[in-house]
Colleague: 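What follows is a single structure, and I will ask about it in a moment.
Computed from heavy atoms alone, side chains included, the values below leave out hydrogens, waters and symmetry copies. What you are looking at is a predicted structure, and each value in this text was computed from that prediction instead of being measured.
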Amino acid sequence: MSYKIIVMIETSMIPLYVRIIAGVFALANIGYGIVGYFKPSQIFENSTEGIDVKGKGARYAGYEYASRNLSIGIGLLIAAAFGSPMAIIMVTGIRALVEIQSMLINISLKKINEGFYTALVFLGIEVFIIVKMFV
């Protein structure tokens, strides 16, 4: 019986387009994180009806959401800039988990909408990036 050994590629072998895609995702997360500090109501996907978005609870939830996106974006930007395959896999994996979480929330709410499809597309791209880190 023979086993195929999968090895992570060297930093110099990472295709430039993969680093660019990771960088674009990073900038999107950073931008979304920054916007979240100024408009915390963005965490309420469908509407803000019945929610006091100016209240402390909603504001703090928005800040937590924004800080998560901002930190993932900064981490991914650093990983893409330095081109470390392990770092790119780790931060992209975290992003992928966030997308899976978003999809599961939509499924549990029985709302297969644009948020679900956006998360699905992003998850596909993130899996592609992770796969490209291996020979």
Colleague: In Å and rounded to the nearest 0.5 Å, what is the CE to CE distance from M133 to M13?
Modeller: 10.5 Å
Colleague: Could you tell me which residues satisfy side-chain contact (heavy atoms from CB on, under 4.5 Å) with E64, sequence neighbours excluded, listed by chain and number?
Modeller: S67
Colleague: Identify every side-chain donor-acceptor pair in residues 73-99 under 3.5 Å, counting partners at least two apart or on other chains, and give the distances.
Modeller:
unit_1 : atom_1 : unit_2 : atom_2 : d
S84    : OG     : A87    : N      : 3.3
T92    : OG1    : I88    : O      : 2.7
R95    : NE     : E126   : OE2    : 2.7
R95    : NH1    : N29    : OD1    : 2.0
R95    : NH2    : E99    : OE2    : 3.0
R95    : NH2    : E126   : OE2    : 3.0

Colleague: Nearest heavy-atom pair of F116 and N106: which atoms, and what distance?
Modeller: N-ND2, 3.3 Å
Colleague: Show, in sequence, the C-alpha distance, side-chain angles and deciding distance for Y65 and Y32, and conclude whether the side-chain contact (heavy atoms from CB on, under 4.5 Å) test is met.
Modeller: CA-CA 10 Å; Y65 187 75; Y32 197 54; 3.5 Å; yes
Colleague: Please check if L16 and I129 belong to a single hydrophobic cluster, counting links between Ile, Leu, Val, Met, Phe, Trp and Tyr side chain heavy atoms closer than 4.5 Å.
Modeller: no
Colleague: Restricting to non-hydrogen atoms, name the atom on F122 and the atom on F25 that form the minimum distance, rounded to 0.1 Å.
Modeller: CD2-CZ, 3.9 Å
Colleague: Kindly determine whether M103 and L120 satisfy side-chain contact (heavy atoms from CB on, under 4.5 Å), including the steps that lead there.
Modeller: CA-CA 7 Å; M103 291 168 52; L120 183 63; 3.6 Å; yes
Colleague: List for me each residue that meets side-chain contact (heavy atoms from CB on, under 4.5 Å) alongside V24, sequence neighbours excluded, and say none if there are none.
Modeller: I20
